[in-house]
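Data block below; observations after.
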Amino acid sequence: MITVGVIRNGATYLSRHLCKNDYWTEGEKRIEGEWIGKGAKALGLEGGVQTKVFDALRRNRHPETGEQLTAREDKDRVAFFDVQLSAPKDVSVLAMLGGDQRIVAAFHDSVKIALEEMERFAAVRERRGESRSSEDFRLTGNFAGALFFHDTSRDLDPQLHAHAVLSNATWDAERGEWFALQPAEMLRASGYLRQVLYRELAGRLRELGYETYGMNSTGFSVRGVEHLRERFSKRTRHIQQLAEEFAQKKGRKPTKREVEVLVRESRANKLPNVSTREVRARQRAELNPDEAAALADLVRTARAKAPGQRISHGQVVTVLEAALRHVFERSSVVREGEVLNAALELHPDFSRWRELREALQGRTDAIRSEGEMSLRPIHREETATIRRVVEGRNTRFPLGDATLLPERLTRGQLAAARALLANKDFLSVLVGDAGTGKTTVLTAIQDAHRAAGGQPFLPLTPTTRAREALVDAGFERADTVQRFLVSETLQAEAVRRVLLVDEAGLLSTEQLDRLTRIAQERRARVLLVGDTKQHYSVQRGDAMRNVIRNSGTPVVRLSEVLRQREEKDRHFSRLLAAGNVSDALLYAERRGMMRELGDDETLFTSAAEHYAENVAKGTETLVVIPFWEDIDRFSVHARTALRRRGLLGDAEVVREAVRPLTWTEEQKAHWDQYRVGDRLLFVRDTRFFKRGSAAVVKKILPDGLHVEGENERYAKITRKQRGSFDVGRAQMLPVAAGDRLLMRGREEEQGFANGDFRDVAAVDPIANRVFLSDGKELPADFRAWTYGHALTSYRSQGSTAEESLLVLGEVAEQALMRRQFYVGNTRYRGAHHIYVSHRDAIITRLARPDPGRQLATEFVRRHRIFPAERIAMGRLHRMGARMRDAWLSIAARWQETREVVREKMEI
């Protein structure tokens, strides 16, 4: 385990904490520290830690000259970062109670190696030029620290751990000065560094004759010691108890940050007053004679063995490729530490991390700078789309005649429709804020296009939910982009037609790359419609933003909000669309739209009562809650409120529903990631399972899974089928008449699609049947569903309701993003209310910018990589312009020839 604490003063930290164990007594031997880091060497620090020198660093002074090190001198300055590295509990018990000091030495060596690797991620903020007011950083690769080893926790349990106390200073060789240490990069790499520590330590233990197993992100086990782990984990049990008390009080589990607060606040300020001899006696007293004898025998046997060997399964290239597929499935730019951590977590039996890092650094397809990286194929994926857009400028005829547009359009809609009809580009873009009537404009220009002799648009959307919204708007043949990309039939229909992509902000760069390539081959046109301020795709990239920022293509914009009936509501939406979040919040408060409840329990109770009241009145209501954890809590309260009003039946049927784990395609092929009992939800038909059905993992095999479906149908799942299913964990949910269900998968016979809502009309507890209001039934083997009383902002995008509620609890206070807030506040026509636990916490959270995900092209531009490629792109743009002019000249001559021929025929 690796944690980091901040020390702002630290005047007594050395004498009262670091030089003692986590307990003290008069006359106890002082723990000697040692200097670590390249920064320490640059300051002339080596060997043991002296109080005077340590204090000089604490006061931001050079230990030899006394000169000020870094610029900041105020009293609130951070003096040190205390990095704590801990051994797995099995190792600590074996070392301290088994008395094998070789293990202590192995831990010390492993810690030093992990810290050397950590030093590579030491950084300084870049405060020059364009980065003056940004959070950009540069790696310096050095720190100055003092290392201390302790062997006991404050609860006096065996616990090998180290304190690497890093001075808040790093040497910037580029500028020749000391600057404040930027620890964020080290923290972001902590998952990888933890894996380095564990693998180094496990390898050394094997060399000492012990058997290690069960490597994972939280540690590993040692054969013969694991049964003692719980007994000597008093601190862990205490934290678990505090977490349970938190959950009982709050109605939810604490977040990672809240657990850290619980740990910090529950820690005793004073060290226990006890001697080392007494501590060891207390620890040994917790073992019975048989346990003590077994532990001694384990150590004796290990000492008698010939030196063991470190075990590492898997080829470096294979392990690295799997990690790259995993991390780049959903991101275009990642940190190198993320790749290395993914590689080790996906391959628990692989330990050659140095070779792995070298292989990553040696990849010729990698683009890297300052610890971040992308891949050339991803960069080409983004630039290929841009190239097609640039080359396609002015290569098509206008879509239609603007005089055929209907009079019902507003002035802004009319201007947008005219611009789109006159557009001659291969790809055109319509950007509209939430509620500006984008669909109305699309219907108008399609009608004008058809009146001019064109074919109906081929409407596509990135999600099933958006497809349904487009169907409801009159585009009856709407389909999903993904289906278009794999359907030869749909692609054949695209010849010389307009591919209309609604909610295009949800397109990944890979999807748009493939879509534009197919459109170009079919001589079709592409019309992207969306809003880049809303959610982006789950898969990597932000395709629409890439086109808008990098292609130079003209963008038609709609900004006149029409969805809300009242002008005061439209003003609220305009403030949000303009990015004036603080002004929007103040405006919402003045209008009484915001309701602050003070705690989560009151929050969800009040919001649920509001929802149930609207259901009773028949008011169409959409409840938006950004996080599934909070949705689960709201659903419990909503069902209680509905039942109180007689809107939910007393009779219930308990059915299994599966919560998706949202694994990447690569994760699904790593069998040691699974648990027995996990559910597979099939999204495509296979030999043994139809789409919409589920199977239970019964056994985990070295090369796959043994699963059981309905009617005791057994099958083996291999890597070949990983694209046919999603993975989830089962939960049992009661269902009653009056419940609303959200479908999370497709089921052909009942006509379910992912994102559909279905209302429950009746249930039969005896036959365990659920009947829906549309006359259909929830199949017994269909498990891809959950309650639909509330939606995430992602799923609500594209929806409109008469009234909406945005519910923001304490989870939102720590994780809410601006785009979630924007979407959640713009779904209503008539009325809207914002429920919050703590207003100020939400305001503070929303004050943070939401830059979105970084594109590979943005990464390249920000770090000034590939100047030659930028020159080539400029040449490409100019070449495209010349080709465009030549084509237009040919088209003009052809038009003149056709007119001459027509005149001769008339004569």
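Values reported hereafter were calculated over all heavy atoms of this structure, with side chains retained and with hydrogens, waters and symmetry mates removed. The structure presented is a predicted model; accordingly, all values stated were derived computationally and were not measured.
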Looking at R175 and D172, does any basic side-chain N land under 4.0 Å from a carboxylate oxygen?
-> yes
Are any of the side-chain nitrogens in E666 or R325 under 4.0 Å away from the carboxylate oxygens of its partner?
-> yes
Between the side chains of D155 and S153, does any donor sit under 3.5 Å from an acceptor?
-> no
Backbone N/O of F81 and side chain of N168: donor-acceptor pair under 3.5 Å = no
Atom CD in Q101, atom NE2 in H108: separation rounded to 0.5 Å?
-> 8.5 Å
Is it true that R77 and E73 make a salt bridge, defined as a side-chain N closer than 4.0 Å to a carboxylate O?
-> no
Non-hydrogen atoms of R818 and A847 that approach each other most closely | NH2-O, 3.7 Å
Cationic N near anionic O, under 4.0 Å, R363 to E358 = no
Presence of salt bridge, E32 and R30, under 4.0 angstrom = yes
What are the two closest heavy atoms between K20 and I31, and how far apart are they?
-> C-CD1, 3.4 Å
Thinking salt bridges, do R861 and E858 make one under a 4.0 Å N-O criterion?
-> no
Does any donor atom in the side chain of R206 or T212 lie under 3.5 Å from an acceptor atom in the other side chain?
-> yes
Value for CG (L85) from CG (L115), rounded to nearest 0.5 Å, stands at 5.0 Å
Is a donor on one side and an acceptor on the other found under 3.5 Å between the side chain of R848 and the backbone of M817?
-> no
Does any pair with a residue in residues 325-377 pass ring-ring contact (aromatic ring centres under 6.0 Å, His included), and if so which ones, sequence neighbours excluded?
-> H347-H670
Full working for salt bridge (charged side-chain N to carboxylate O under 4.0 Å, His left out) between R357 and E117 = CA-CA 10 Å; R357 190 227 299 158; E117 193 68 5; 2.5 Å; yes
Are K52 and D55 within salt-bridge range, i.e. N to O under 4.0 Å?
-> no
Exercise: identify the closest heavy-atom pair between K533 and R819 | O-CB, 3.3 Å
Would you check if E174 and T140 make a side-chain contact, meaning some heavy-atom pair closer than 4.5 Å?
-> no
Chi angles and distances behind the side-chain contact (heavy atoms from CB on, under 4.5 Å) call for F179, W171 = CA-CA 6 Å; F179 288 94; W171 176 254; over 6 Å; no
Verify, without hydrogens or angle tests, whether S331 (side chain) and V333 (backbone) share a donor-acceptor contact under 3.5 angstrom.
-> no
Counting N and O atoms only, with roles assigned by atom type, does the side chain of S837 sit under 3.5 Å from a partner on the main chain of G809, one being a donor and the other an acceptor?
-> no
Out of curiosity, N21 CG to R154 CZ, how far, rounded to the nearest 0.5 Å?
-> 11.0 Å
Determine, for R862 against E370, whether the closest basic-nitrogen to carboxylate-oxygen distance falls under 4.0 angstrom.
-> no
Between E813 and R845, is the closest basic N to carboxylate O distance under 4.0 Å?
-> no
N9 and R58: side chain donor to acceptor below 3.5 Å = yes
Check whether any side-chain N or O of D90 sits under 3.5 Å from a backbone N or O of V222 as a donor-acceptor pair, and report yes or no.
-> yes
If you look only at distance, which donor and acceptor atoms sit under 3.5 Å apart when one is on a side chain in residues 334-342 and the other is two or more places apart or in another chain?
| residue | atom | partner | partner atom | Å |
| --- | --- | --- | --- | --- |
| R335 | NE | E185 | OE1 | 2.9 |
| R335 | NE | E185 | OE2 | 3.2 |
| R335 | NH2 | E185 | OE2 | 3.4 |
| E336 | OE2 | R368 | NE | 3.3 |
| E338 | OE2 | R335 | N | 3.1 |
| N341 | OD1 | Y192 | N | 3.4 |

Reported CG-to-CZ distance for the pair L205 and F220, which is rounded to 0.5 angstrom = 5.0 Å
Between Q68 and T70, is there a donor-acceptor pair closer than 3.5 Å when you use the side chain of the first and the backbone of the second?
-> yes
Do D82 and Y13 have a side chain donor and acceptor closer than 3.5 Å?
-> yes
R330 side chain to V538 backbone, donor-acceptor under 3.5 Å = no
Parallel, tilted or perpendicular: ring planes of F54 versus F80, cut at 30 and 60 degrees = parallel
For S369 and H863, test the side chains for any donor-to-acceptor distance below 3.5 angstrom and give the result as yes or no.
-> yes
Checking H379 side chain against P377 main chain: does a donor-acceptor pair fall under 3.5 Å?
-> no
With a 4.0 Å cut-off, would you call R310 and E207 a salt bridge?
-> yes
